[in-house]
Amino acid sequence: MRVMAQMAMVMNLDKCIGCHTCSVTCKQTWTNRAGMEYAWFNNVETRPGQGYPRTYEDQEKWKGGWTRHPNGRLSLKAGGRLKNLATIFANPVMPSIQDYYEPWTYDYRMLTNAPLQEHTPVARPKSLISGKDMRITWSANWDDNLAGGPELATQDPVLRKMSEKVKLEFEQSFMFYLPRICEHCLNPACAAACPSGAIYKRSEDGIVLVDQDKCRGWRKCVTACPYKKIYFNHKTGKAEKCTFCYPRIEVGMPTVCSETCVGRLRYLGLVFYDADKVLEAASVEDEHDLLDAQRDLVLDPNDPEVVRAAESEGISRDWIEAAQRSPIWQLIHRFRVALPLHPEYRTMPMVWYVPPLSPVVDSVAQTGFDGEDGDNLFAAIESLRIPVEYLAELFTAGDPAPVTEALRRLAAMRSYMRDVNLGRENPDASVAEAVGMSVEDVHDMHRLLALAKYEDRYVIPAAHTEQAHRLEAIATGCSLDGEGGPGMGGPGSSGGKVGLGMPRLRPGSKR
Amino acid sequence: MNTIDLVLWVIAPYTCIAVFAVGHYWRYRYDQFGWTTLSSQLRESRLLRWGSPLFHFGILAVIGGHVVGLFIPKSWTAAVGITDEMYHVGAVGMGLVAGVATVTGLVLLIIRRRLVGPVFRVTSRMDKAMYLALGLVILTGMINTVHGNIIGHYDYRDGVAVWMRGLFVFDLHPELMAKAPLSFQAHTVAAYLLFALWPFTRLVHVFSAPVAYLWRPYLPYRSRDTGFGGRRERRGWERIDGSTR
């Protein structure tokens with residue numbers, strides 16, 4: 001057993017109101033630069049919907065993630081090492097800027113400089129790609145709140161996988177939001193595809209990063225990532241991705257998206273996993289077994305054997321304690337309500353989701369029945385196939401059982417806690433037993449999902465202060481501080497690099 | 001031998017080689033962040049899908065041909081039983097195929113760069129200079145293949161190649177170049193000028209051809225402690241434990 005630590009996230013989808021605050025604050029922090037206008041390290045998708053970039057989940061088209069061969073070995077879906085190098089001169093399956101969207105600005109000067117005239121001057125949209133006037137026809141959340149109706153929503157690759165009957169029933173629609181960041185996978189396809197070896201996983205906390213100095217712009221990672229969460233900076237010619245806000249994590253602060261989430265639906269914490277078992281878990285034959293394989297990778301931090309193994313790997317006491325207090329392990333293993341996004345990509349993603357019960361509650365309530373009643377909810381989960389099948393395609397490679405289990409537990413919690421909160425004398429404990437939980441479990445889960453305070457949601461051990469001078473956040477320089485980098489103008493930008501007539505772009509240059 | 005020959009075939013080539021070597025060292029040392037292919041595939045991919053592989057595979061074959069033609073002396077190929085005629089037919093045949101692929105690719109790429117607005121918008125002055133030099137080298141090279149080897153008869157293996165090998169062992173033969181046909185002289189001058197320009201353009205990506213990808217482990221782990229990227233500590237800020245990097 002080789003224990004490694006991983007910073008992981010859980011998002012409780014029931015609480016997401018689709019406000020995009022996480023996206024906006026993330027953008028302001030990391031990607032408000034030329035060349036990255038189209039990049040959203042964090043985006044919020046309306047489901048059903050095409051997602052961003054359009055239809056990225058259709059891996060027959062985009063060739064992301066891993067594929068398992070009959071002999072049990074994994075290779076990148078886009079091709080093995082030789083094919084990867086042979087197609088290096090032109091990537092055959094790279095999304096174009098139109099698959100994302102053409103970023104634009106407005107001709108604001110027109111508003112102040114236009115001569116006096118009868119009509120109010122208009123600021124026309126100008127493409128940031130071609131510099132010309134453009135019509136805005138798509139964006140990162142064009143189909144927000146099911147805008148565009150069935151024509152757009154039925155292009156959803158997840159929906160297309162579902163049976164014809166379900167598609168017809170879809171007319172009585174359900175909807176929820178799916179915030180997405182980089183999954184910081186245990187078996188990252190982007191890192192495996194990088195010809196330069198510039199993408200690496202940090203051995204301390206598992207954060208996956210792109211070394212901006214080593215990246216040579218071969219853009220193989222863009223194809224390999226099945227979540228399409230690596231963005232090619234078309235101005236610097238380097239790949240960039242969500243950093244899990246590592247400078248904040250290192251000093252014990254939550255990521256910007258978590259910090260600013262108004263629904264308080266994000267949980268951050270350490271998990272321990274067995275690095276020797278990752279490949280084996282990612283290679284199991286049946287896609288439906290991937291979820292359990294991935295769950296089993298996440299080790300119980302209270303198991304003395306795991307603690308001993310962690311100590312022998314040099315993981316410090318305070319980190320072990322942080323892993324024991326982590327909300328992530330609780331949600332994955334104790335309550336079994338957190339599920340990974342698309343385990344069938346075999347990348348072992350480390351951002352987990354509590355599936356939303358609200359579509360079910362809403363449809364029960366719409367029929368005039370009591371939407372919080374345990375029996376009604378259980379019955380509805382069984383009979384309302386659409387939400388369950390759809391969620392299963394997202395979180396369990398199509399296996400409805402784990403989704404049903406999670407939803408039943410959420411329903412039981414809702415029903416039981418209502419009894420408690422209404423002051424009923426004998427809250428019905430059988431509803432908890434029916435889903436295999438004790439009353440204490442239900443109370444704890446409720447506390448974590450509904451009441452948890454900042455310190456309970458974000459259990460982040462700071463990196464050690466005795467190493468502080470070595471840390472990126474505190475060190476005197478950062479590789480991203482250079483011109484065109486996300487930290488441009490930072491403390492390190494004056495040192496080291498000398499600018500001459502290099503063919504790369506500077507802020508303010510016309511290119 | 002007059003001064004012009006000395007400048008053209010001794011001083012200038014050495015200067016350009018020096019700029020090439022020192023330029024690369026300097027850029028690798030101080031501009032890792034700028035060391036990239038600067039791909040514009042995100043902005044346009046339909047023309048690139050054809051142009052780029054044609055050009056790159058073509059130019060790789062061309063480079064291979066040049067290595068064989070310039071660095072392998074006649075006596076060596078003769079020793080393994082390859083007659084001049086066989087060599088000539090092989091070189092011209094393969095050279096033509098590679099040359100046509102390269103030129104077709106380059107023309108497609110130049111058309112793309114000029115006519116596709118989003119791509120032209122990110123074309124720097126250095127890119128334009130690079131395209132000009134590269135175009136000149138390839139154009140004169142094609143003239144040599146057609147005019148010097150098919151229509152005319154100039155055996156570069158007794159002329160240009162000997163001069164070129166001499167440069168590396170300080171056995172200087174500028175007179176061989178002075179006697180070479182004009183198109184060969186032009187090709188040589190254009191080539192060493194391109195080499196001088198090389199380290200300051202996106203062409204540096206040639207030297208990070210990721211061959212090691214074929215055998216490196218799929219998943220690189222890196223510790224935060226060594227996570228400075230390629231960066232060196234700044235002077236006066238060296239680490240206290242004295243570990244060397």
Side-chain angles (χ1 to χ4, degrees), chain A residues 81-82 84-85 88-92 94 96-97 129-132 187-188 191-192 195-197 199-205 211-219 232 234-238 250 463 467 469-472 475-477 479 482 484-485 495-498 500-505 511, chain B residues 26-27 30-45 48-57 117-118 121-127 130 200-202 205 208-216 218-225 227-234 237 239-240:
Chain A
R81 292 173 194 254
L82 269 176
N84 206 354
L85 283 196
I88 204 164
F89 301 129
N91 186 339
M94 182 174 161
S96 73
I97 194 75
I129 297 292
S130 68
K132 302 226 166 71
N187 188 30
S196 311
I199 304 184
Y200 62 97
K201 197 167 176 64
R202 290 214 306 197
S203 43
E204 285 87 355
D205 50 18
D211 184 335
Q212 293 288 298
D213 277 351
K214 277 183 87 183
C215 172
R216 303 290 179 230
W218 302 119
R219 65 217 174 276
F232 187 75
H234 55 89
K235 209 165 174 194
T236 63
K238 305 260 166 167
E250 282 176 2
Q467 309 171 338
H469 66 289
R470 299 182 177 180
L471 296 183
E472 291 281 1
T476 48
S479 66
K497 287 172 193 126
V498 181
L500 274 189
M502 294 298 105
R504 71 189 156 87
L505 301 157
R511 284 181 53 173
Chain B
W26 165 79
R27 184 142 185 220
Y30 293 107
D31 188 34
Q32 282 289 321
F33 186 66
W35 194 289
T36 157
T37 56
L38 217 53
S39 165
S40 54
Q41 183 170 2
L42 192 69
R43 290 166 173 260
E44 198 285 340
S45 114
L48 183 96
R49 286 273 293 280
W50 289 99
S52 179
L54 267 175
F55 171 77
H56 280 95
F57 284 117
R121 232 174 141 240
V122 291
T123 303
S124 68
R125 258 171 297 174
M126 201 52 109
D127 285 337
M130 185 273 291
F200 312 105
T201 66
R202 64 172 72 198
H205 74 267
S208 36
V211 190
Y213 177 66
L214 290 176
W215 55 82
R216 78 160 170 85
Y218 260 150
L219 176 54
Y221 284 101
R222 205 195 283 180
S223 169
R224 191 161 54 195
D225 286 353
F228 286 103
R231 276 175 303 119
R232 239 159 278 263
E233 285 153 343
R234 291 159 72 192
W237 292 92
R239 256 186 261 164
I240 223 160

### Task
Determine, step by step, whether H234(A) and S40(B) satisfy the side chain to side chain contact (heavy atoms under 4.5 Å, CB included) criterion, reporting the C-alpha distance in whole Å, the side-chain angles of both residues, the deciding distance to 0.1 Å, and the verdict.
CA-CA 7 Å; H234(A) 55 89; S40(B) 54; over 6 Å; no
### Query
Would Y218(B) and R81(A) count as a side chain to side chain contact (heavy atoms under 4.5 Å, CB included) if you check the C-alpha gap in whole Å, the side-chain angles of each, and the deciding distance to 0.1 Å?
CA-CA 10 Å; Y218(B) 260 150; R81(A) 292 173 194 254; 3.8 Å; yes
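Proximity to chain A (any heavy atom under 4.5 Å) is shown, for S39(B), by both the backbone and the side chain. Using a 4.5 Å cut-off between heavy atoms, L82(A) contacts chain B through both its backbone and its side chain. Using a 4.5 Å cut-off between heavy atoms, W215(B) touches chain A through its backbone atoms (N, CA, C, O) alone.
Between R216(B) atom CZ and S196(A) atom OG the span is 8.5 Å, to the nearest 0.5 Å. Put simply, CD on Q32(B) and CZ on R216(A) are 4.5 Å apart, with the number rounded to the nearest 0.5 Å. With values rounded to the nearest 0.5 angstrom, S52(B) atom OG is found 11.0 Å from N91(A) atom CG. In this structure, OH in Y221(B) is found 12.0 Å from CD in E204(A), a value given to the nearest 0.5 Å. Rounding to the nearest 0.5 angstrom, the gap separating the CG atom in L38(B) from the NZ atom in K238(A) is 9.5 Å. Distance check: F89(A) CZ to H56(B) NE2 gives 5.5 Å after rounding to the nearest 0.5 Å.
T36(B) is not listed as a side-chain neighbour of C215(A), based on a closest heavy-atom distance of 4.5 Å or more. Inter-residue side-chain proximity for R43(B) and I97(A) is flagged as unmet; no heavy-atom pair is nearer than 4.5 Å.
When all heavy atoms of A191(A) and L219(B) are compared, the closest pair comes out as CB-CD1, 4.0 Å. Summarising the geometry of P118(B) relative to I129(A), their closest heavy-atom pair is CB-CG2, 3.4 Å, with the distance given to 0.1 Å. Residues F232(A) and L42(B) share a closest heavy-atom pair of O-CD2, 3.8 Å. D213(A) and F33(B) make their closest contact through OD1-N, 3.5 Å (heavy atoms, listed as atom of the first residue, atom of the second, distance).
Ring geometry for H205(B) against W218(A) counts as perpendicular: the plane angle is over 60°, on a 0 to 90° scale with 30° as the lower cut.
Under a 3.5 Å cut-off, the side chain of T37(B) and the backbone N or O of G217(A) do form a donor-acceptor pair.
Ranked by heavy-atom pairs under 4.5 Å with chain B, the first of N187(A), D205(A), N84(A) is N84(A). If you tally non-hydrogen atom pairs under 4.5 Å between each of A192(A), G237(A), S96(A) and chain B, the highest count goes to A192(A).
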